[in-house]
Asks: 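Dumping the structure here so I can ask a few things about it.
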Amino acid sequence: MKITVVGAGAVGATTADNIIRRELAEEVVLLDIKEGVSEGKALDMYQTAALLGFNTKPVGSTNDYEKTKGSDVVVITSGLPRKPGMTREELIGINAGIVKSVTDNILKYSPKAIVVVVSNPMDTMTYLALKDSGIPKKRLIGMGGALDSARFKTYLALEMEVSPNDIHGMVIGGHGDTTMIPLTRLATYNGIPVSRFLSAEKLEKVAADTMVGGATLTKLIGTSAWYAPGAATAMIVESIVRNQKRIVPCSVYLNGEYGQKDICMGVPVVIGRTGWEKIISLRLSDAEKAAFEKSAEAVRNMNAALNLG
Ligand SMILES: NC(=O)C1=CN([C@@H]2O[C@H](COP(=O)(O)OP(=O)(O)OC[C@H]3O[C@@H](n4cnc5c(N)ncnc54)[C@H](O)[C@@H]3O)[C@@H](O)[C@H]2O)C=CC1
Ligand SMILES: O=C([O-])CC(=O)C(=O)O
């Protein structure tokens, strides 16, 4: 098994670190355009092998795609992160060019790879990667809902003063401050609806905090988050390489599912060795359906800015 992570910045390096620690592949290639950075970070990570006891080898590459050849899974994190006060959507101008050229290069050397897109605005970057490359839709996965759901569970756990490990819940829709849909109605504390433990007001606050979870961290840190994004991305990669069939909300190409066509956005999918294997169709309430439609409209407007014709 060989995995490539493009972008050796905060999210890319953290993703690679999580992947090597869990020995998800024999080799993990970290590629960046900044001279020497990926080689340096890969060597730094490899020096933890003697301390932590893993056997996966990280390899750095300064923009040399030959080194990524034959990758089974490729994660794309290259691109600008937002600064406080910005939306993810404002990154489209620069990141579209980066994601397009990276996708072309990756598929030239690894035509059979499953590609996980992280760069923002993620739903639109996933759509761009699909339209530009023609990659079979099931091999293209946008990472957003995995992270948003982890934040949702964390905010619920904090409010309830329980372990996040006992909380189950999902966030679907777009990966944007106003497009996310935390499915509060379906969230549980080990199978028991969270509405048994928290008031409607508290649940509304949890949902609102979840939606701006990324913006909150960006304001605190000065750039966007990386620990949970890296862990969420590695969780998806693990479900692929270990064929775990986990149900994870991911941005995938919809062709009529959830009432939407020709768009990538977050819905629950089963993730296994061939990519996303199937979409789980949830019975949404009327309010949830309306939120999904509104979310799709916003994502579609963003996609139109790509001018794909
Ligand atoms: N989908 C999600 O849930 C999340 C998405 N993100 C997004 O991930 C992206 C990366 O974020 P960070 O790692 O914090 O940024 P960063 O600035 O730390 O790292 C980005 C890296 O990409 C590299 N890069 C730029 N152009 C490249 C190219 N053509 N080829 C290869 N590498 C290139 C840069 O040199 C830099 O090292 C941002 O767009 C951010 O908004 C971040 C967190 C969560
Ligand atoms: O907030 C951002 O810009 C980065 C991101 O997507 C997240 O952390 O959810």
Side-chain angles (χ1 to χ4, degrees), residues 4-17 29-42 60-65 67-68 74-106 116-126 128-129 141-152 154 171 173-180 182 209-236 248-251 264-266:
T4 288
V5 178
V6 182
V11 178
T14 309
T15 301
D17 195 38
V29 178
L30 190 59
L31 181 145
D32 203 287
I33 41 165
K34 282 190 204 145
E35 188 74 43
V37 169
S38 56
E39 287 86 347
K41 290 199 180 183
S61 163
T62 301
N63 220 24
D64 177 5
Y65 280 85
K67 286 193 178 163
T68 69
V74 176
V75 176
I76 301 179
T77 75
S78 45
L80 285 191
R82 63 173 156 168
K83 294 251 178 289
M86 286 173 76
T87 64
R88 296 177 181 86
E89 286 76 8
E90 285 173 68
L91 301 168
I92 189 172
I94 292 185
N95 287 357
I98 294 173
V99 168
K100 190 172 175 328
S101 77
V102 166
T103 309
D104 291 347
N105 280 320
I106 276 302
V116 181
V117 177
V118 179
S119 313
N120 271 319
M122 183 278 295
D123 300 288
T124 297
M125 293 303 103
T126 306
L128 170 65
I141 298 169
M143 193 294 287
L147 170 65
D148 302 331
S149 302
R151 287 183 178 145
F152 183 38
T154 307
V171 177
H175 178 62
D177 297 341
T178 57
T179 58
M180 273 174 222
D209 287 347
T210 301
M211 291 175 77
V212 294
T216 300
L217 292 170
T218 304
K219 196 170 163 209
L220 288 167
I221 304 172
T223 184
S224 56
W226 58 90
Y227 291 113
T233 309
M235 180 266 270
I236 290 174
V248 187
C250 291
S251 189
C264 291
M265 57 190 292

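In this chain, residues are counted from 1 in sequence order. The basis for the numbers below is simple: all heavy atoms, side chains too, and nothing from hydrogens, waters or symmetry mates. For ligands, and for the atoms within them, numbers begin at 1 and follow the listed sequence.
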Asks: So, Glu39 and Ser61: side-chain donor and acceptor under 3.5 Å apart, yes or no?
Replies: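 Result is no, nothing qualifies.
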Asks: Can you tell me the protein heavy atom closest to atom 19 (O) of ligand 1 and the distance?
Replies: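 Of the protein heavy atoms, Gly9 CA, 3.2 Å lies nearest.
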Asks: Taking only heavy atoms of Asn95 into account, list the atoms of ligand 1 that are under 4.0 Å away from them.
Replies: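 So the atoms of ligand 1 that pass are 39 (O).
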Asks: Charged N to carboxylate O below 4.0 Å: is that the case for Asp123 and Arg88?
Replies: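 Looking at Arg88 together with Asp123, the answer is no, because their closest N to O distance does not fall below 4.0 Å.
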Asks: Considering the heavy atoms of Leu147, write down every atom of ligand 2 situated less than 4.0 Å from one of them.
Replies: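 What qualifies from ligand 2 is 7 (C), 8 (O), 9 (O).
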Asks: Measure the distance from atom 36 (C) of ligand 1 to every protein heavy atom, then report the residue, atom name and distance (to 0.1 Å) of the closest one.
Replies: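 Of every protein heavy atom, Asp32 OD2, 3.5 Å lies nearest to atom 36 (C) of ligand 1.
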Asks: Write out the residue and atom name of the closest protein heavy atom to atom 5 (C) of ligand 1, then the distance separating them to 0.1 Å.
Replies: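 Scanning the protein heavy atoms, the shortest distance from atom 5 (C) of ligand 1 goes to Val118 O, 3.0 Å.
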Asks: Of all the atoms in ligand 1, which lie at a distance below 4.0 Å from a heavy atom belonging to Leu91?
Replies: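 Result: 41 (O).
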Asks: Who's the nearest protein heavy-atom neighbour of atom 3 (O) of ligand 1, and how far?
Replies: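 The answer is His175 NE2, 3.1 Å.
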Asks: Where is the tightest heavy-atom contact between Leu91 and Leu80, given as atom of each residue plus distance?
Replies: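 Taking every non-hydrogen atom into account, CD1-O, 3.4 Å.
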Asks: Compare every heavy atom of Ala96 with every heavy atom of Leu128, then report the nearest pair and how far apart it is.
Replies: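 The answer is CD2-O, 3.4 Å.
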Asks: Which residue owns the protein heavy atom closest to atom 1 (N) of ligand 1, what's the atom, and how far is it?
Replies: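 In this structure, atom 1 (N) of ligand 1 has Met143 O, 2.8 Å as its nearest protein heavy atom.
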Asks: Quick one: look up the protein heavy atom nearest atom 20 (C) of ligand 1 and list residue, atom name and how far away it is.
Replies: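 I find the closest protein heavy atom is Gly79 O, 3.3 Å.
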Asks: Would you call Val102 a ligand 1 contact, heavy-atom distance under 4.0 Å?
Replies: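 For ligand 1, residue contact (heavy atoms, under 4.0 Å) with Val102 is present.
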Asks: Side chain, backbone, both or neither: which applies to Asn120 and ligand 2 if a contact is any heavy-atom pair less than 4.0 Å apart?
Replies: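 It is the side chain that touches ligand 2; the backbone stays farther off.
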Asks: For ligand 1, which atoms sit closer than 4.0 Å to a heavy atom of Ala225?
Replies: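 Reading through ligand 1 atom by atom, the close ones are 43 (C).
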Asks: From the options Ile33, Ile98, Ile221, select the one whose nearest heavy atom is closest to atom 31 (C) of ligand 1.
Replies: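 Looking at heavy atoms only, the winner is Ile33.
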Asks: Are any of the N or O atoms of Asn63 closer than 3.5 Å to those of ligand 1?
Replies: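 So ligand 1 has no N or O lying under 3.5 Å from an N or O of Asn63.
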Asks: Give me the residue, atom name and distance of the protein heavy atom closest to atom 39 (O) of ligand 1.
Replies: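 Checked against all protein heavy atoms, atom 39 (O) of ligand 1 sits closest to Leu80 O, 2.7 Å.
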Asks: Please write down residue, atom name and distance for the protein heavy atom closest to atom 41 (O) of ligand 1.
Replies: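 It is Asn120 ND2, 2.9 Å.
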Asks: So between Val11, Thr77, Val5, whose heavy atom ends up nearest atom 10 (C) of ligand 1?
Replies: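 Minimum heavy-atom distance to atom 10 (C) of ligand 1 goes to Thr77.
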Asks: Considering only the protein, which heavy-atom contact is closest to atom 1 (O) of ligand 2, and what is its distance?
Replies: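 Scanning the protein heavy atoms, the shortest distance from atom 1 (O) of ligand 2 goes to Arg82 NH2, 2.8 Å.
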Asks: Out of His175, Met143, Met180, Met122, who is nearest to atom 6 (O) of ligand 2 when you count heavy atoms only?
Replies: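 Closest candidate by heavy-atom distance is His175.
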Asks: Which is closest to atom 5 (C) of ligand 2 in terms of heavy atoms, Met86, Arg88, Glu89, Lys219?
Replies: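 Ranked by closest heavy atom to atom 5 (C) of ligand 2, first place is Arg88.
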Asks: Give the numbers and elements of all ligand 1 atoms closer than 4.0 Å to a heavy atom of Pro229.
Replies: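 Taking each heavy atom of Pro229 in turn, ligand 1 has 43 (C), 44 (C) under 4.0 Å.
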Asks: When you measure from the heavy atoms of Arg151 to every atom of ligand 2, does any distance fall below 4.0 Å?
Replies: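 Yes, that is the case, since the closest heavy atom of the residue is under 4.0 Å from the ligand.
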Asks: I'd like to check whether Val6 has a polar contact with ligand 1, where a contact means an N/O of the residue lying under 3.5 Å from an N/O of the ligand.
Replies: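 N/O-N/O distance under 3.5 Å: no.
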Asks: Any atoms of ligand 1 less than 4.0 Å from a non-hydrogen atom of Lys34? List them with their elements.
Replies: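 Per the distance check, 35 (O), 36 (C), 37 (O).
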Asks: Please give me the minimum heavy-atom distance between Arg151 and Ala225, naming the atom from each residue.
Replies: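 Result for this residue pair: NH2-CB, 3.7 Å.
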